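Values in this document were obtained by computation on a predicted structure and should not be read as measured data.
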Amino acid sequence: MTTEMNETAPGEQPGGEAGPYPAEWRVWSDGACIPNPGPAGWAVLVETPSGERWTLHGNSRNSTNNRAEMYGFLQGVLAIPLETPATIKTDSRYVVDGCTVWRTGWQAKGMRTRTGPVKNDDLWPDLWVALDARPLVRIEWVRGHSGERGNEIVDQIAEAAAERRKAGGPAEDGARTNLTA
């Protein structure tokens with residue numbers, strides 16, 4: 001499922017051209033919590049059209065899986081420069097739907113659902129502001145643990161970050177690792 005964050009149809013570029021942007025950034029994000037709730041980790045993989053690749057990761061002493069997914073996604077969006085075509089991929093339907101399907105209703109209802117307040121209401125506005133500032137960013141859901149290379153990489157990094165925190169390691173936030181081709 002690909003969801004455009006601008007006014008074009010899925011798979012369509014501004015101006016009506018179909019297909020992905022010719023020189024877009026590719027970004028993957030993930031989050032993990034061991035157990036849920038408990039120590040959490042997040043990870044991002046960035047690939048630029050020029051061949052640069054790097055990862056970002058961090059962790060938290062106590063969180064939930066959804067918050068870790070959201071925070072990783074936010075860091076992935078923030079890694080994309082403004083006015084840069086990009087696709088960000090996540091295996092979190094919660095994040096994808098919160099950014100594309102539920103947002104309007106939640107905002108219209110004062111950040112409430114049928115059953116009560118929207119969970120993680122402190123992070124959703126940050127996500128939406130970051131995405132709104134980057135209208136050329138597309139969100140794509142990918143099935144987790146299905147062999148999709150970028151998703152498998154961020155899954156492993158996020159889990160390792162959560163495990164380090166669970167083992168009593170220090171807090172990490174935004175550590176960057178440059179990758180070679």
ask   = Counting only heavy atoms not in R149, do more than 12 sit closer than 6.0 Å to its CZ atom?
value = yes
N/O donor-acceptor pair under 3.5 Å between [X] side chain and [Y] backbone:
| X | Y | value |
| --- | --- | --- |
| N59 | A40 | no |
| W102 | D97 | no |
| S63 | S60 | no |
| N36 | T64 | no |
| E140 | K89 | no |

Please tell me whether [X] and [Y] are part of a single hydrophobic cluster in this structure, the criterion being side-chain heavy atoms less than 4.5 Å apart.
| X | Y | result |
| --- | --- | --- |
| M70 | M111 | yes |
| L179 | I157 | yes |
| Y71 | Y94 | yes |
| V101 | F73 | yes |

query = Between R26 and T87, does any side-chain donor sit less than 3.5 Å from a side-chain acceptor?
reply = no
task = Check the pair R103 / D132 against salt bridge (charged side-chain N to carboxylate O under 4.0 Å, His left out), numbers first and verdict last.
result = CA-CA 12 Å; R103 176 184 179 175; D132 289 348; 2.7 Å; yes
ask   = Checking salt bridge (charged side-chain N to carboxylate O under 4.0 Å, His left out) for the pair D122/R67: CA distance, chi angles, key distance, verdict?
value = CA-CA 10 Å; D122 59 322; R67 286 186 71 81; 2.9 Å; yes
query = Hey, mind stepping through W28 and W54 against ring pair (Phe, Tyr, Trp, His ring centres under 6.0 Å) and telling me if it holds?
reply = CA-CA 11 Å; W28 292 262; W54 68 89; over 10 Å; no
inquiry  = Working note: R134 + E83, criterion salt bridge (charged side-chain N to carboxylate O under 4.0 Å, His left out); need CA distance, chi angles, decisive distance, verdict.
reply    = CA-CA 6 Å; R134 293 163 178 81; E83 302 303 322; over 6 Å; no
Heavy-atom side-chain proximity of R165 to R61 below 4.5 angstrom = yes
inquiry  = Any heavy-atom pair between the side chains of D155 and H145 that's under 4.5 Å?
reply    = yes
remark   = The reported gap from CD in E24 to CD1 in I80 (rounded to nearest 0.5 angstrom) is 9.5 Å
note = Taken in chain and number order and not counting sequence neighbours, the residues that satisfy salt bridge (Lys or Arg N to Asp or Glu O under 4.0 Å) with R114 are none
message = As a test of understanding, state which of T90, I139, V77 forms a side chain to side chain contact (heavy atoms under 4.5 Å, CB included) with C99.
response = I139
task = Salt-bridge test for E172 and R164: reply yes if a basic N is under 4.0 Å from a carboxylate O, no otherwise.
result = yes
task = Over 60° means perpendicular and under 30° means parallel, so classify the ring planes of W128 and W106, tilted if in between.
result = tilted
